[in-house]
Amino acid sequence: STLVTPEPDHLPGYLRDVPQFKFKIGGTYGQTTHNILYTPEQLNSKIPYRVIEEVKFSEPLARSKPAREEGWSNTKLRGCMVPGYTGYVPKGQHFFGQRYAQACDNALKSFEADLIVKEKNEETLRMVPRRPLTPVSKANSYPVRPREFEYGTSPYRLPNDHNEKYFVSGYTGFVPQARQLLAKGYPVITHEALSIHQDVQDRVHGKAGTPPKLTRAKTAPPGAIYTRQSGLIPNYTGHVPAMKFKYGRTYGATTVNALNQSI
């Protein structure tokens with residue numbers, strides 16, 4: 001057939017040197033290389049010119065267990081690895097200076113050998129008889145103290161002297177009475193805050209049943225503005241004697257005994 005180039009010839013993409021190829025024009029790459037290989041000059045040339053031998057790839061490697069359900073074997077990792085495969089090849093980084101297919105073949109053989117050794121070691125380990133461990137002493141070396149409260153009890157319900165009445169670091173909830181406690185570890189701050197909160201709650205619940213006692217402060221007699229014992233309320237708009245000559249104190253402290261009456 002005229003559509004098929006007779007052999008021997010080079011396929012398009014062949015990168016090695018072809019004698020006199022640059023002087024041949026008007027034909028396809030295969031036809032041109034075929035004509036060059038059969039020219040009298042090339043046949044009578046003393047320079048050896050070898051046609052690329054056909055590379056025969058072997059069949060996929062015959063491994064001991066090609067179908068591993070839980071292992072590494074699949075349809076991608078096999079013999080005749082195609083160059084350009086970007087997946088992971090076990091132990092492929094240890095083989096270099098070879099063709100990609102040959103390097104992958106050697107890497108998979110080495111990996112398979114390691115798996116076989118590993119399985120033998122595991123089987124040997126399973127065959128070793130296991131002896132039960134005997135206790136050193138019959139008595140319990142770690143005394144267990146009875147707990148007054150169960151695990152998981154809220155710190156709010158624990159007494160103030162309990163060593164677990166705190167929140168662990170990282171707790172993001174609200175802790176009452178904790179804003180004014182500073183410069184301590186979070187467990188210490190929460191322990192003190194919960195103790196203060198518990199004391200406040202005990203005082204509130206202790207006085208819940210008793211009637212409130214109201215005490216009134218002594219007030220000035222009706223009609224008196226400038227008293228001897230207390231000052232005026234800030235924002236008072238009336239006249240205060242000698243107020244403009246006094247400074248450096250609060251309004252209430254300045255207006256105490258504004259009339260300078262003898263006490």
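Keep in mind that this is a model prediction, so the values were computed, not measured.
Smallest separation of non-hydrogen atoms from V256 and G231: CG2-N, 3.5 Å. Looking at every heavy atom in both residues, P90 comes nearest to L108 through CD-CD2, 4.0 Å. When all heavy atoms are compared, the tightest approach of A107 to F95 is CA-CE1, 3.5 Å. Nearest heavy-atom pair across Y251 and P234 is CD2-CA, 3.6 Å. In terms of heavy atoms, P187 sits closest to S169 at CD-OG, 3.8 Å. Nearest approach of L232 to T255, heavy atoms of both residues: N-OG1, 2.7 Å.
A distance of 15.5 Å separates NZ of K22 from OG1 of T32, quoted to the nearest 0.5 Å. The CD1 atom of I196 sits 5.0 Å away from the CG atom of L181 when rounded to the nearest 0.5 Å. Expressed to the nearest 0.5 Å, how far CG of N121 lies from CZ of R126 amounts to 10.5 Å. The distance from the NE2 atom of H197 to the CG atom of N160 is 10.5 Å, given to the nearest 0.5 Å. Atom CG of N106 is separated from atom CZ of F111 by 15.0 Å, given to the nearest 0.5 angstrom. In this structure, M127 CE and E122 CD are separated by 14.0 Å, a value rounded to the nearest 0.5 Å.
Inspection of the N35 and Q31 side chains reveals no N or O donor paired with an N or O acceptor under 3.5 Å.
Within the structure, the salt bridge (charged side-chain N to carboxylate O under 4.0 Å, His left out) test picks out no pair touching residues 230-239 (sequence neighbours left out). Judged as a ring pair (Phe, Tyr, Trp, His ring centres under 6.0 Å), not a single pair has a partner in residues 229-250 (not counting sequence neighbours).
Taken together through direct or relayed side-chain contacts under 4.5 Å among Ile, Leu, Val, Met, Phe, Trp and Tyr, I189 and V200 form parts of separate hydrophobic clusters.
Shown here is R179, whose CZ atom has no more than 12 heavy atoms of other residues, nucleotides or ligands within 6.0 Å. Shown here is K184, whose NZ atom has no more than 12 heavy atoms of other residues, nucleotides or ligands within 6.0 Å.
In this structure, the ring-ring contact (aromatic ring centres under 6.0 Å, His included) partners of H162, at least two apart in sequence or on a different chain, are F149. Checked against side-chain hydrogen bond (donor to acceptor under 3.5 Å, both in side chains), S110 has the following partners two or more places apart in sequence or in another chain: K91.
In the hydrophobic clustering, where aliphatic and aromatic side chains (Ile, Leu, Val, Met, Phe, Trp, Tyr) are joined below 4.5 Å either directly or transitively, I233 stands alone. Residues Y156, F167, Y171, Y186, L194 make up the rest of the hydrophobic cluster containing V175, defined by ILVMFWY side-chain heavy atoms closer than 4.5 Å, directly or through other members.
Looking at heavy atoms from C-beta onward, T190 lies out of side-chain contact with P155 at the 4.5 angstrom threshold.
Taking the charged nitrogens against the carboxylate oxygens, E112 and K109 have no contact shorter than 4.0 Å, which rules out a salt bridge.
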Problem - Residues V89, Y100; criterion side-chain contact (heavy atoms from CB on, under 4.5 Å); working and verdict - result: CA-CA 11 Å; V89 178; Y100 184 80; 4.1 Å; yes
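For H191 (side chain) and K165 (main-chain N/O), a donor-acceptor pair under 3.5 Å exists by modelled atom type.
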